[in-house]
**Student:** 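Provided herewith is a single structure, encoded as structure tokens, for subsequent inquiry.
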Amino acid sequence: MQTVDTIPGTPPVSDENILDIQDLLARRGSEKYRLHERYVNPQIVRVLKTIGFDKFYVRGHGPHLFDEADNKYLDLLSGWGVFALGRNHPVVNRTLKDVLDAELPNLGQMDIAPLAGLLAEELITVAPNPALERVFFTNSGTEAVEGSIKLARAATRKSKIVFCEGAFHGLSMGSLSLNGSVMFREGFGPFLPGCERVAFNDLEALERILSGGDVAAFIVEPIQGKGVNIPDDEYLPEAARLCKKYGALFIADEIQTGLGRTGRMWAVEHWGAEPDILLCAKALSGGQVPVGAILGRRDIFDKLFSKMDRAVVHSSTFGTNNMAMAAGLATLHVLRRERLIEHSAEMGQKILEDMRPFIQRYDFVKDVRGKGLMIGIEFSSPKSLKLKAAWKLLEAANESLFCQMILIPLLKKHRVLAQVAAHKGHVIKILPALVIDDSDREWMVSAFDDVIDSCHRIPGAVWDLGRSLASHARAESR
Ligand SMILES: Cc1ncc(COP(=O)(O)O)c(C=O)c1O
């Protein structure tokens, strides 16, 4: 019997009594759809089966997924943005294994952890403005948003939080109260009092709300994830100035845009906007261990943690756990060493150059926009009467169907996995790992080119699919 490890007072760990995960997956991995249907969420299983996304991926490496027949797929979703470094980056994996092997005194609670201090120091070093001096760690993006609401209220002694139409800040109750989409909100009210919506990219409307002087904070995604909406150049710096003028805090939600996604470390750097509070999560995980962080001004944090008996007035059991902190440190290390932020900017620019000609070439393509590797392709009603009639047919059944009609053959024919940028929207979002190379770029561009081209041909296979999607959608809405 080979002994793997021993801990005094516990039985020795051996090949016979370990939980053999690889064996478990080999034996039962193929039951995943049945298990989820029965125990987790049958509706997501129905969705995947309806659109033919019910794959059996068995391995992930860099920007690619592999199925059981070892077919390679290009993943433009990146786990909703967590795999900035790609899947299973060897440096991240090695760091995490080293942390486990070191048997560190994790989560002492009446203790503080060196790795958390080190990650906080690194985040402050790369923060977009020197006023950001303190860090609070969370286990997800939405928890970072929740914490920022509390920080803003504690620091300003005001309660109102202003958010944007179309915003997405997470789905727990506080962040849902700041969500700009009807679909996500429906059925969950009443929401947190004092949350007010304002149009994105509208400074006059923002000033009208802020001028009441009763706003604790304005929270905004520098580039909105739902729709890949990029503001005008003056919007964010001016919003920050208005917040300062009227005594509100300016919170930049960089949970999706942060850590190189847009070709800068932080998206606010494109415009020189200086937030009082900055939120990050997703990519900080290295794709392996959930983690988020709130970066904020020292005086703001001092108002929350104002004396010893308020030292843990905002806290989270797992917040500073070693695996998460090590994943964050490894992520920042890899971003720097592999120059991934510069790479994201260069690659994103090339993709825009490749795809912007689609606007002229294809009647359905309205816009191709983005920064770095956060790119949106927007479709709209075409000019040609024949195409317009087909578009209307789909729209009448469900506003998301046109994008689905592109995404399905993109996966089926080209093995490219992408997503609709927002419910009932006409934007497909491209959010690949920052490590993609020119062959991935060519793969993606030619796949989109081919599928978009096909949907300009009626009759054709793509529109047969469109008709079948429409009849499914009509049946579902009955
Ligand atoms: C901008 C933004 N904020 C917050 C969140 C919520 O993060 P999480 O899903 O980790 O709670 C997301 C997730 O997509 C996001 O894109």
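Numbering of ligands and ligand atoms starts at 1, following listing order.
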**Student:** Which of these passes side-chain contact (heavy atoms from CB on, under 4.5 Å) with Cys243: Leu249, Val215, Leu210?
**Tutor:** Leu210
**Student:** Should the proximity of Phe168 to ligand 1, defined as any heavy atom under 4.0 Å, be assigned to the side chain, the backbone, both, or neither?
**Tutor:** both
**Student:** Can you name the atoms of ligand 1, numbered from 1 with element, that are less than 4.0 Å from a heavy atom of Gly141?
**Tutor:** 7 (O), 8 (P), 10 (O), 11 (O)
**Student:** Measure the distance from atom 3 (N) of ligand 1 to every protein heavy atom, then report the residue, atom name and distance (to 0.1 Å) of the closest one.
**Tutor:** Asp253 OD2, 2.7 Å
**Student:** Any idea which heavy atoms bring Ala281 and Ser140 closest together, and the distance?
**Tutor:** CB-C, 4.1 Å
**Student:** How long is the span from the CD atom in Glu146 to the OG1 atom in Thr138, to the nearest 0.5 Å?
**Tutor:** 10.5 Å
**Student:** How does Ile255 reach ligand 1, if at all, at less than 4.0 Å between non-hydrogen atoms: by side chain, backbone, both, or neither?
**Tutor:** side chain
**Student:** For Glu221, counting its heavy atoms only, list the atoms of ligand 1 lying under 4.0 Å from any of them.
**Tutor:** 1 (C)
**Student:** Would you mind listing which atoms of ligand 1 come within a distance below 4.0 Å of any non-hydrogen atom of Gly170?
**Tutor:** 4 (C), 5 (C), 6 (C)
**Student:** For atom 16 (O) of ligand 1, decide whether some protein heavy-atom distance is shorter than 4.0 Å.
**Tutor:** yes
**Student:** Provide the number and element of each atom of ligand 1 under 4.0 Å from a heavy atom of Thr142.
**Tutor:** 6 (C), 7 (O), 8 (P), 11 (O)
**Student:** More than 12 non-hydrogen atoms from neighbouring residues, nucleotides or ligands closer than 6.0 Å to CZ on Arg298, yes or no?
**Tutor:** no
**Student:** Can you find a side-chain donor-acceptor pair between Thr257 and Glu254 that sits under 3.5 Å?
**Tutor:** yes
**Student:** Less than 4.0 angstrom from a charged side-chain N to a carboxylate O is my criterion; do Arg197 and Glu165 meet it?
**Tutor:** no
**Student:** Using a strict 4.0 Å cut-off to heavy atoms of Lys282, name the atoms of ligand 1 that fall inside it.
**Tutor:** 12 (C), 13 (C), 14 (O), 15 (C), 16 (O)
**Student:** Do the side-chain N and O atoms of His472 and Gln404 include a donor-acceptor pair separated by under 3.5 angstrom?
**Tutor:** no
